[in-house]
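The figures that follow rest on heavy atoms only: side chains count, while hydrogens, waters and symmetry mates do not. Here is the naming used below: chain letters follow the sequence lines, and residue numbers restart at 1 for every chain.
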Protein chains: 2
Amino acid sequence: MEKLTTGRVAQLGGVNLETIRYYERRGLLQKPPRTEAGYRQFSPETAQRLRFIKRAKELGFSLDEIGELLTLRVQPKQKRGDVRTRAEAKIADIENKIETLAAMKTVLRNLVDQCEHCASDDECPILASLDGERSL
Amino acid sequence: MEKLTTGRVAQLGGVNLETIRYYERRGLLQKPPRTEAGYRQFSPETAQRLRFIKRAKELGFSLDEIGELLTLRVQPKQKRGDVRTRAEAKIADIENKIETLAAMKTVLRNLVDQCEHCASDDECPILASLDGERSL
DNA sequence: CTTGACTCCGTACTTAGGTACGGGGTTTAC
DNA sequence: GTAAACCCCGTACCTAAGTACGGAGTCAAG
């Protein structure tokens, strides 16, 4: 059970050291045990958690949403139905994101593959393909 | 060819009116023609563009990246190879996002479906499943 | 046993992406 | 033909998410 210092876990997690303190304050990382001298002692899983947070941000989730995602697994001692409901909502959200991304990808693929004839500057299908008033 | 006012296009695009001006400054919307009195005249496509921008943000793209995506279709008069290269890069990025989201979804699905026995609080697979040091 | 690297903390600053304000002109509906 | 509802612009303000600062304590190597 190797313990990591703040600097080390930040390095492994790919974030700034101050970000660790910030996440602790935000409640995204629970307060770690301390040494005699008051130094934080992190488990290696914390680095993993940091990478997850980072990646989730790149996917458009806010820190609050990420906190939600993390509590879905960290405290499954709540009412089961509640967790279920929230998880289902996240799944739907994620499916929507995947769909939109897939549509974007298709458009870009077409752009690359056969845009020789699409060289004029109006009415390329990129915008239309992702539209449809579907709000999320 | 109905022209839209700033307020109307903002409404249709689902954004604040001030955001229109902001995007114009940022170069995400090109400067529209004006009336005698100096009022902006937008085409309906602008609303579509706004919805695209909004959605792309929710998918974790920065405004700069979104600008990139939009120029990929708005000015295909650049060197073809350049567009191709940038489009390929975006496609790879998007594929990565889709993969990560799909993994997240799977985990949540499992959580919902069979987490009865996963009720203890350590070592749920959610973090591990998305990990692997793969940075983007 | 000291020097350099690391940690602590509170607080202040920064960046991205908007949003609001307010004084002025314009357009539309009575 | 005037009041309400819009629009203009420059500028100031705001929120989320960090990031930096700096004075003080700590740890590890020589």
Side-chain angles (χ1 to χ4, degrees), chain A residues 2-44 46-47 49-70 93 135-136, chain B residues 2-44 46-47 49-70 93 135-136:
Chain A
E2 348 75 84
K3 289 297 181 180
L4 308 176
T5 67
T6 306
R8 186 78 184 121
V9 82
Q11 183 180 36
L12 293 173
V15 305
N16 189 292
L17 182 143
E18 304 286 343
T19 304
I20 306 290
R21 293 210 303 135
Y22 176 63
Y23 285 174
E24 189 180 317
R25 261 179 283 140
R26 288 276 312 227
L28 282 172
L29 301 177
Q30 67 270 58
K31 296 179 189 299
R34 303 289 188 116
T35 65
E36 295 292 309
Y39 285 26
R40 290 173 183 80
Q41 295 177 293
F42 291 103
S43 68
T46 306
R49 195 175 174 97
L50 287 170
R51 287 191 298 270
F52 172 79
I53 294 170
K54 195 176 178 188
R55 184 63 179 150
K57 272 193 310 167
E58 290 166 359
L59 294 168
F61 295 99
S62 69
L63 292 186
D64 281 352
E65 287 176 307
I66 294 168
E68 266 255 342
L69 283 171
L70 289 168
D93 180 14
S135 68
L136 186 79
Chain B
E2 348 76 84
K3 288 299 181 178
L4 307 176
T5 68
T6 306
R8 186 77 183 120
V9 82
Q11 183 181 37
L12 293 173
V15 304
N16 188 293
L17 181 144
E18 304 286 343
T19 303
I20 306 289
R21 293 210 304 135
Y22 177 64
Y23 284 175
E24 189 180 318
R25 262 179 282 140
R26 289 276 311 227
L28 282 171
L29 301 178
Q30 68 269 58
K31 296 178 189 297
R34 303 290 187 115
T35 66
E36 295 292 310
Y39 284 26
R40 291 174 183 80
Q41 295 177 292
F42 291 102
S43 68
T46 305
R49 195 176 175 96
L50 288 170
R51 288 191 297 271
F52 172 78
I53 293 170
K54 195 176 179 188
R55 185 60 179 150
K57 271 193 309 165
E58 290 166 359
L59 294 168
F61 295 98
S62 68
L63 292 187
D64 281 351
E65 287 175 308
I66 293 168
E68 267 256 342
L69 283 170
L70 289 168
D93 180 14
S135 68
L136 187 80

Practice problem: Calculate the interatomic distance between A/Leu4 atom CG and C/dT7 atom P; express it in whole Å. | Solution: 11 Å
Exercise. For C/dC6, take OP1 and OP2 only and decide whether either is under 4.0 Å from a side-chain N or O of A/Arg40.
Key: no
Quiz item: What are the two closest heavy atoms between A/Gly14 and A/Lys54, and how far apart are they?
Solution: O-NZ, 3.1 Å
Quiz item: So does B/Lys57 get a side-chain nitrogen or oxygen closer than 4.0 Å to the phosphate oxygens (OP1/OP2) of C/dG18?
Solution: yes
Practice problem: Ignoring backbone atoms, test whether A/Thr5 places a side-chain nitrogen or oxygen under 4.0 Å from the OP1 or OP2 oxygen of C/dT7. | Solution: yes
Exercise. Could you pull out all residues at least two apart from B/Thr19 that satisfy side-chain contact (heavy atoms from CB on, under 4.5 Å)?
Key: B/Val15, B/Asn16, B/Tyr23
Quiz prompt | Protein-nucleotide distance (A/Lys3, atom NZ; C/dT7, atom P), rounded to Å | solution = 16 Å
Quiz item: Who are the side chain to side chain donor-acceptor pair (under 3.5 Å) partners of A/Glu24, not counting sequence neighbours?
Solution: A/Arg40
Quiz prompt | Within residues 17-27 of chain A, residues whose heavy atoms come under 4.0 Å of DNA chain D | solution = A/Glu18, A/Thr19, A/Arg21, A/Tyr22, A/Tyr23, A/Arg26
Quiz item: Side-chain contact, heavy-atom cut-off 4.5 Å: A/Leu50 with A/Leu28?
Solution: no
Quiz item: Can you pull the salt bridge (charged side-chain N to carboxylate O under 4.0 Å, His left out) pairs that have at least one residue in residues 9-21 of chain A, sequence neighbours excluded?
Solution: A/Glu18-A/Arg21
Quiz item: Once you round it to whole Å, what is the distance between C1' of D/dA5 and CD of B/Gln11?
Solution: 13 Å
Exercise. Return the minimal non-hydrogen interatomic distance between A/Ala47 and A/Leu12, and the atom names on each side.
Key: CB-CB, 3.7 Å
Quiz prompt | Minimum-distance pair of heavy atoms, taken over all atoms of B/Gly13 and B/Arg51 | solution = O-CG, 3.7 Å
Exercise. Can you tell me the distance, in whole Å, between the CZ atom of B/Arg34 and the C1' atom of C/dG25?
Key: 14 Å
Exercise. Check the distance between C/dG17's C1' and B/Phe61's CZ and give it to me in whole angstrom.
Key: 17 Å
Self-check item: Protein-nucleotide distance (A/Asn16, atom CG; C/dT7, atom P), rounded to Å
Solution: 12 Å
Quiz item: Taking atom C1' of C/dT19 as reference, at what distance in whole Å does atom CG of B/Leu63 sit?
Solution: 14 Å
Quiz item: OP1 or OP2 of C/dC8 sitting under 4.0 Å from any side-chain N/O of A/Thr6?
Solution: yes
Quiz prompt | Rounded interatomic separation in angstrom, taking CG from A/Leu50 and C1' from D/dG18 | solution = 13 Å
Quiz item: Who are the side-chain contact (heavy atoms from CB on, under 4.5 Å) partners of A/Thr5, not counting sequence neighbours?
Solution: A/Arg8
Quick test: give all pairs of protein nitrogen or oxygen and nucleotides 27-30 of chain C nitrogen or oxygen below 3.5 Å, distance rounded to 0.1 Å.
none

Practice problem: Write down the atom of B/Gly60, the atom of B/Glu65, and the distance for their closest heavy-atom approach. | Solution: O-OE1, 3.9 Å
